[in-house]
Amino acid sequence: MNINPDLRILGVPPNAWAVDEVIADITRPPLAPQPVNLVTETKKLRLDLAKAAILVIDMQNDFCHPDGWLAHIGVDVTPARSPIQPLQALLPALRKTGIPVIWINWGNRPDLLNISAASRHVYNPAGNGVGLGDPLPNNGAKVLEAGSWAAAVVDELEPLSQDIRVDKYRMSGFWDTPLDSILRNLGKTTLFFAGVNIDQCVMATLQDANFLGYDCILVKDCAGTTSPDFCLQATLYNVKQCFGFVTDSQGIFDALEN
């Protein structure tokens, strides 16, 4: 940003003012462009990395760890772990480029006052199982409670201090969260999507991003699902048809290198 150095910054660039006792510079100079070409399954995109962020959704112990909630209720979490290795390679490269890594994790209030009966019913339909906020029998961690082991990102993908964290309470990371405000303050309009489940929380967040006017790119090898394969195929079809673009981590590496 090209701002008079004698002025003080208020806000987060590029959505910042520069002020002193007399002047308020509200021009908001843009960040320096970083244009690249990214090949997707439908089109070659010309995008600006300075306007990009990656959202990593629900790569948490409860969804991806063999001692977590889904495994406890009998779900094979092997497919949910498939994004770990490609994310281990991709995230450092994106950070090096200056792209923010934003962790969107399900993290409920301890009293569950922000959770509807419908949300609690999803994985505990009879009401007599281990549901949201209940302790896991093997380690006592509260299911998807913010701050618990159950809601933490898996150890293999430990967030760094410069990363951004957002707790969500529904399948969409935008519903009743500060995510939209954070992205607008950062000047991010192009969003990469990763995480689990690709057909549920990833898809719901991507759809809401599309509705809000963001440009959406699903990184398919960095997203997985424990749902049947037809759910995955329908999600890939719908993203390409209606909501954005589909690429993979190698496509992003190629764009960064070229």
Side-chain angles (χ1 to χ4, degrees), residues 1-3 11-16 26-57 83 85-104 160 162-164 166 172-174 179-195 198-199 201-224 232-258:
M1 297 180 67
N2 184 19
I3 291 179
V12 178
N15 192 26
I26 62 173
T27 56
R28 296 179 173 86
L31 300 174
Q34 300 180 63
V36 297
N37 293 316
L38 173 66
V39 175
T40 75
E41 294 187 0
T42 51
K43 285 191 173 183
K44 178 186 288 186
L45 301 183
R46 183 72 168 167
L47 62 90
D48 185 357
L49 296 179
K51 298 177 181 175
I54 184 167
L55 309 186
V56 185
I57 299 165
Q85 186 171 357
L87 283 169
Q88 286 174 327
L90 181 62
L91 295 183
L94 296 183
R95 292 187 184 105
K96 186 176 180 180
T97 309
I99 293 176
V101 176
I102 304 179
W103 301 89
I104 314 298
L160 301 187
Q162 69 264 33
D163 296 346
I164 300 166
V166 176
S172 171
F174 284 96
L179 179 57
D180 185 50
S181 295
I182 289 169
L183 292 169
R184 295 186 189 279
N185 271 328
L186 294 173
K188 307 306 178 184
T189 56
T190 297
L191 305 180
F192 295 104
F193 289 83
I198 193 173
D199 55 315
C201 293
V202 177
M203 183 60 167
T205 306
L206 189 151
Q207 286 177 300
D208 275 356
N210 171 270
F211 300 153
L212 289 166
Y214 293 96
D215 305 320
C216 301
I217 304 169
L218 178 62
V219 189
K220 67 178 184 181
D221 62 325
C222 293
L232 169 63
Q233 297 307 318
T235 300
L236 296 175
Y237 173 85
N238 281 323
V239 172
K240 289 185 284 188
Q241 180 72 16
C242 302
F243 303 116
F245 304 92
V246 175
T247 191
D248 58 20
S249 57
Q250 186 58 54
I252 297 175
F253 284 126
D254 293 342
L256 296 178
E257 293 172 0
N258 298 326

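Computed from a predicted structure; not experimentally measured.
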With sequence neighbours left out, write down each residue that passes side chain to side chain contact (heavy atoms under 4.5 Å, CB included) with Asp248, or none if nothing qualifies.
Lys220, Asp221, Gln250
Which atom of Ala53 lies closest to which atom of Lys188, heavy atoms considered:
CB-CG, 4.1 Å
For Gly173 against Ile104, the heavy-atom pair lying closest together
CA-CG2, 3.8 Å
Among Val219, Leu206, Val56, side-chain contact (heavy atoms from CB on, under 4.5 Å) partner for Phe193:
Leu206
For the pair Thr190 and Asp48, evaluate side chain to side chain contact (heavy atoms under 4.5 Å, CB included) and give the outcome as yes or no after the intermediate values.
CA-CA 8 Å; Thr190 297; Asp48 185 357; over 6 Å; no
Between Thr247 (side chain) and Val39 (backbone), is there a donor-acceptor pair under 3.5 Å?
yes
Scanning both residues in full, the closest heavy-atom pair of Cys201 with Ile57 reads CB-CG2, 3.9 Å
Is there a donor-acceptor contact under 3.5 Å linking the side chains of Tyr214 and Asp208?
no
Hey, could you give me the CG/CD1 distance between Leu90 and Ile54, rounded to the nearest 0.5 Å?
5.0 Å
Could you tell me the separation between the CG atom of Asn185 and the CG atom of Asp180, rounded to the nearest 0.5 Å?
10.0 Å
When rounded to the nearest 0.5 angstrom, what is the spacing between CD1 in Ile164 and CD1 in Ile182?
6.0 Å
Do Asn258 and Asn37 have side chains that get closer than 4.5 Å, going by heavy atoms?
no
What pair of heavy atoms forms the shortest contact from Pro83 to Gly195, and how long is it?
CG-O, 4.3 Å
Listed partners of Phe192 passing ring pair (Phe, Tyr, Trp, His ring centres under 6.0 Å), at least two apart:
none
OH on Tyr237 to SG on Cys242, rounded to 0.5 Å:
7.0 Å
Roughly how far, to the nearest 0.5 Å, is CG of Leu183 from CG of Leu55?
6.0 Å
Sequence neighbours excluded, the answer for salt bridge (Lys or Arg N to Asp or Glu O under 4.0 Å) partners of Lys240 is Glu41
Atom CG of Leu212: over 12 foreign heavy atoms under 6.0 Å
yes
Start with the C-alpha distance between Val239 and Met203, add both sets of side-chain angles, then the distance that settles side chain to side chain contact (heavy atoms under 4.5 Å, CB included), and finish with yes or no.
CA-CA 8 Å; Val239 172; Met203 183 60 167; 3.8 Å; yes
Taking atom CD of Gln233 as the centre, does the number of heavy atoms from other residues, nucleotides or ligands within less than 6.0 Å exceed 12?
yes
Test ring pair (Phe, Tyr, Trp, His ring centres under 6.0 Å) applied to Phe245 - qualifying residues, sequence neighbours left out
none
How many angstroms lie between CD1 in Ile217 and CG in Leu47, if you round to the nearest 0.5 Å?
5.0 Å
pair Val246-Thr42: side-chain heavy atoms closer than 4.5 Å
no
Scanning both residues in full, the closest heavy-atom pair of Ala52 with Pro100 reads O-CD, 3.3 Å
Name all residues meeting the salt bridge (Lys or Arg N to Asp or Glu O under 4.0 Å) criterion together with Asp254; count only those two or more places apart in sequence or in a different chain, and write none if there are none.
none
Which heavy-atom pair separates Leu236 from Ile198 by the least distance, and what is that distance?
CD2-CD1, 4.3 Å
Contact between Pro14 and Pro30 at the side-chain level, heavy atoms closer than 4.5 Å - yes or no?
no
Should Lys44 and Leu38 be marked as a side chain to side chain contact (heavy atoms under 4.5 Å, CB included) after you check the CA-CA gap, both sets of side-chain angles, and the distance that decides it?
CA-CA 6 Å; Lys44 178 186 288 186; Leu38 173 66; over 6 Å; no
Qualifying side-chain hydrogen bond (donor to acceptor under 3.5 Å, both in side chains) pairs, either residue in residues 89-103, two or more places apart:
Arg95-Asp163, Trp103-Asp163
